[in-house]
J.: 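This is the structure I have questions about; it appears just below.
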Amino acid sequence: METKKKTREAHGYAARDSSGFLSPFSFTRRLNEDDDVTIKILYCGICHSDLHLARNELGFSVYPLVPGHEIVGEVIEIGANVQTFKVGDKAGVGCIVGSCGSCDSCLQNLECYCKKSILTYSSTDRDGSITYGGYSDIIVVHQRFVFNIPHSLPLHSAAPLLCAGISVYSPMRFYGLDRPGLHLGVVGLGGLGHLAVKFAKAMEMRVTVISTSPHKQKEAIERFGADKFVISTDDEQMKEVMGSMDGIIDTVSAAHPMEPLMNLLKVQGKLVVVGGSPEPLLVPSIPLLMGRKIVAGSICGGTKETQEMLNFAAENKIEADVEIIPMSYVNTAMERLFKGDIKYRFVIDPISV
């Protein structure tokens with residue numbers, strides 16, 4: 001006789017189809033098991049990938065879909081094997097909630113590259129159920145994928161670090177774009193871009209923001225500490241910085257020309273794409289060959305690096321600039337995100353649904 005799996009009620013907002021419209025949704029999560037941590041969700045950031053997946057723009061969305069992978073909250077239950085958390089701790093969950101644990105990527109703490117990694121939402125969990133994300137009131141996650149939030153980080157501004165923060169921090173570290181004196185370009189001054197500037201300045205690099213939005217220049221320089229601001233559609237401004245950059249972090253999540261960015265790199269410079277565009281990006285071969293340049297990609301980091309990033313952010317007082325919204329505003333927030341009308345990350349607060 002099949003034993004019925006014990007579950008607990010949860011409530012959130014879900015998209016039911018590719019319109020992406022979100023509405024109240026009641027569902028169940030598993031009860032806390034020996035290696036699990038149960039978190040009462042207090043804040044959840046809105047990532048651009050939430051918009052892509054809610055609308056099935058990447059082609060693998062599973063409905064009903066509860067988005068959200070920038071999750072922070074309070075631990076309310078732990079399993080018998082959990083040693084690093086206790087009830088009452090502040091904790092976070094990022095882009096993945098599971099992996100195989102034994103492949104090369106997992107053994108290097110790069111679980112996000114595991115072929116069996118389990119996304120925080122719209123993925124198949126180890127028990128065959130569909131994962132639901134942080135636009136909800138509670139989440140149960142294996143302890144390996146739960147992070148300690150340092151006490152000095154305000155929870156609302158720590159939430160976006162779990163995706164936006166690690167998505168720029170990880171490639172900086174991996175590709176060696178983290179040394180004092182290097183010249184780093186940051187394409188796009190949005191949720192990822194403004195954090196890229198903050199991390200780069202904390203690493204003592206020279207930073208040039210590359211943007212199509214002239215109105216962002218003042219904040220880029222005066223608020224975030226960028227050294228220079230270049231309008232990517234201004235040929236003269238782009239010519240001034242041609243061949244000057246050791247690396248570029250490209251955060252734009254839509255199709256855009258790559259050659260003008262490649263021309264800004266020094267010989268052997270690195271252009272790292274971290275924005276997920278549904279459309280292909282065209283990379284011309286001649287500028288790549290002639291400058292021995294690298295065009296690479298990166299997604300969120302693994303568990304070890306994510307905790308390292310959170311600790312680095314706390315030590316250097318790096319916080320996301322956020323606009324806090326109620327859950328009832330989430331569809332308007334998605335429309336504004338689509339139009340780029342946000343400074344610089346929406347965070348749902350609190351998740352009272």
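All heavy atoms count here, side chains included; hydrogens, waters and symmetry mates do not.
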J.: I'd like to know if Glu219 and Lys343 make a salt bridge, using a cut-off of under 4.0 Å between side-chain N and carboxylate O.
T.: yes

J.: Does the side chain of Asn331 come under 3.5 Å of the side chain of Tyr13 through a donor N or O and an acceptor N or O?
T.: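 Per modelled atom types, Asn331 and Tyr13 side chains form no pair under 3.5 Å.
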
J.: Would you say Val87 and Ile138 are hydrophobically clustered, going by side-chain heavy atoms of ILVMFWY under 4.5 Å?
T.: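 Unlinked, Val87 and Ile138 end up in two clusters.
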
J.: Are side-chain heavy atoms of Phe199 and Phe312 found at a separation under 4.5 Å?
T.: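 Of all side-chain heavy-atom pairs linking Phe312 with Phe199, at least one is under 4.5 Å.
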
J.: Measure from the side-chain N and O atoms of Asp89 to the backbone N and O of Val75, and report whether any donor-acceptor pair falls under 3.5 Å.
T.: no

J.: Tell me whether Lys40 at atom NZ has more than 12 heavy atoms from other residues, nucleotides or ligands lying less than 6.0 Å away.
T.: no

J.: Hey, could you give me the CG/CG distance between Leu184 and Asp246, rounded to the nearest 0.5 Å?
T.: 8.5 Å

J.: Can you tell me if Thr233 uses its side chain to pair, donor with acceptor, with the backbone of Thr212 under 3.5 Å?
T.: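 Here the side-chain-to-backbone pair does not exist.
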
J.: Is there a donor-acceptor pair closer than 3.5 Å between any side-chain N or O of Arg179 and the backbone N or O of Gly176?
T.: yes

J.: Does the side chain of Gln143 pick up a donor-acceptor pair with the side chain of Asp35 at under 3.5 Å?
T.: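 Indeed, the side chains of Gln143 and Asp35 share at least one donor-acceptor pair under 3.5 Å.
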
J.: Considering only NZ, NE, NH1 and NH2 on the basic side and carboxylate oxygens on the acidic side, decide whether Glu33 and Lys6 come within less than 4.0 Å.
T.: no

J.: Are Pro180 and Met205 close enough that some pair of their side-chain heavy atoms sits under 4.5 Å apart?
T.: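 With C-beta onward as the side chain, the pair stays apart.
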
J.: Relative to Tyr344, does Arg223 satisfy both conditions: NZ or CZ under 6.0 angstrom from the six-membered ring centre, and within 45 degrees of the ring's axis?
T.: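 Not satisfied by the 6.0 Å and 45° rule.
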
J.: Do Asp104 and Gln108 pair up side chain to side chain, a donor and an acceptor below 3.5 Å, judged on atom types alone?
T.: no

J.: Would you give the length of the straight line joining atom CG of Leu264 to atom NE2 of His183, rounded to the nearest 0.5 angstrom?
T.: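 Between atom CG of Leu264 and atom NE2 of His183 there are 8.5 Å.
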
J.: Step through the shown structure and confirm whether more than 12 heavy atoms of other residues, nucleotides or ligands are within 6.0 Å of CZ on Phe174.
T.: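 Open.
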
J.: Would you find a donor on one side and an acceptor on the other, under 3.5 Å apart, between the side chain of Thr251 and the backbone of Gly275?
T.: no

J.: Just by distance, no angles: are the side chains of Ser23 and Arg16 close enough, under 3.5 Å, to form a donor-acceptor pair?
T.: yes

J.: Same cluster for Val230 and Met242 if Ile/Leu/Val/Met/Phe/Trp/Tyr side chains link at under 4.5 Å?
T.: no

J.: Quick check for you: to the nearest 0.5 Å, what is the distance between Met334 atom CE and His48 atom NE2?
T.: 10.0 Å

J.: Output the distance between atom NZ (Lys90) and atom CD (Glu74), rounded to the nearest 0.5 Å.
T.: 4.5 Å

J.: Please confirm whether the backbone N or O of Phe147 pairs with a side-chain atom of Gln307, one donor and one acceptor, at under 3.5 Å?
T.: no

J.: Working to the nearest 0.5 Å, report the span between CZ of Phe85 and CG of Asp36.
T.: 12.0 Å

J.: Consider side chain to side chain donor-acceptor pair (under 3.5 Å). Of Glu323, Glu70, His194, His156, which one does Arg345 pass it with?
T.: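 Considering Glu323, Glu70, His194, His156, a side chain to side chain donor-acceptor pair (under 3.5 Å) with Arg345 is found only for Glu70.
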
J.: Any side-chain donor paired with an acceptor under 3.5 Å for Asn32 and Thr38?
T.: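 Yes, Thr38 and Asn32 have a side-chain donor paired with an acceptor closer than 3.5 Å.
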
J.: Any donor-acceptor pair under 3.5 Å linking the side chain of Asn316 with the backbone of Ile318?
T.: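 Flag not set: sc Asn316 to bb Ile318 has no pair under 3.5 Å.
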
J.: Working note: Arg206 + Asp227, criterion salt bridge (Lys or Arg N to Asp or Glu O under 4.0 Å); need CA distance, chi angles, decisive distance, verdict.
T.: CA-CA 6 Å; Arg206 185 159 56 97; Asp227 299 280; over 6 Å; no

J.: Is there a donor-acceptor pair closer than 3.5 Å between any side-chain N or O of Ser123 and the backbone N or O of Thr131?
T.: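 No; zero donor-acceptor contacts below 3.5 Å.
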
J.: Are side-chain N/O atoms of Ser117 and Glu111 paired as donor and acceptor at under 3.5 Å?
T.: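 Short answer, no.
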
J.: Please determine whether the number of non-hydrogen atoms from other residues, nucleotides or ligands lying under 6.0 Å from atom NZ of Lys201 exceeds 12.
T.: yes

J.: Does either side chain, that of Tyr329 or that of Arg336, offer a donor lying less than 3.5 Å from an acceptor on the other one?
T.: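 Side chains of Tyr329 and Arg336: pair found under 3.5 Å.
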
J.: Would the number of heavy atoms belonging to other residues, nucleotides or ligands and lying under 6.0 Å from CZ of Arg126 be above 12?
T.: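 For Arg126, atom CZ is crowded (more than 12 foreign heavy atoms under 6.0 Å).
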
J.: Under a 3.5 Å cutoff, is there a donor and acceptor pairing between the side chains of Asn56 and Tyr63?
T.: no

J.: Once the angle between the rings of Phe25 and Tyr132 is folded into 0 to 90°, is it parallel (under 30°), tilted (30 to 60°) or perpendicular (over 60°)?
T.: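 Perpendicular: the ring planes of Phe25 and Tyr132 meet at over 60°.
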
J.: To the closest 0.5 Å, what do you measure between CZ (Arg8) and CZ (Phe27)?
T.: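 Here the rounded value is 11.5 Å.
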
J.: For the backbone of Cys163 and the side chain of Ser167, can you confirm whether one donor and one acceptor N or O come within less than 3.5 Å of each other?
T.: yes

J.: What about Leu182 and Leu265, same hydrophobic cluster or not, with Ile/Leu/Val/Met/Phe/Trp/Tyr joined at side-chain heavy-atom distances under 4.5 Å?
T.: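 In one cluster: no.
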
J.: Between His256 and Asp250, does any side-chain donor sit less than 3.5 Å from a side-chain acceptor?
T.: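 On atom types as modelled, these side chains qualify, holding a pair under 3.5 Å.
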
J.: Keeping Asp17 on the side-chain end and Ser19 on the backbone end, is there a donor-acceptor pair under 3.5 Å?
T.: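 Yes.
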
J.: Checking the side chain of Asp349 only, and the main-chain atoms of Ile325 only, is there a donor and an acceptor separated by less than 3.5 Å?
T.: no

J.: Check this for me: Asp235, atom CG, are more than 12 non-hydrogen atoms of other residues, nucleotides or ligands nearer than 6.0 Å?
T.: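 Not buried by this count: 12 neighbours or fewer within 6.0 Å.
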
J.: Is Val187 linked to Ile342 within one hydrophobic cluster, defined over Ile, Leu, Val, Met, Phe, Trp and Tyr using a side-chain heavy-atom separation of less than 4.5 Å?
T.: no

J.: Give me each pair satisfying salt bridge (Lys or Arg N to Asp or Glu O under 4.0 Å) with a member in residues 267-285, each pair once, sequence neighbours excluded.
T.: none

J.: Checking side-chain polar atoms at under 3.5 Å, does Tyr169 have a donor or acceptor matched by the opposite partner on Glu308?
T.: yes

J.: Following the transitive rule for hydrophobic clusters with a side-chain heavy-atom cut-off under 4.5 Å over Ile, Leu, Val, Met, Phe, Trp and Tyr, establish whether Val186 and Met258 coincide in one cluster.
T.: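 Unlinked, Val186 and Met258 end up in two clusters.
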
J.: Would Glu335 and Arg55 satisfy salt bridge (Lys or Arg N to Asp or Glu O under 4.0 Å), going step by step from the backbone distance to the final call?
T.: CA-CA 12 Å; Glu335 287 301 319; Arg55 298 179 177 182; 2.8 Å; yes

J.: Please lay out, stage by stage, how Arg29 and Ser129 fare under the test side chain to side chain donor-acceptor pair (under 3.5 Å).
T.: CA-CA 9 Å; Arg29 296 200 187 270; Ser129 64; over 6 Å; no

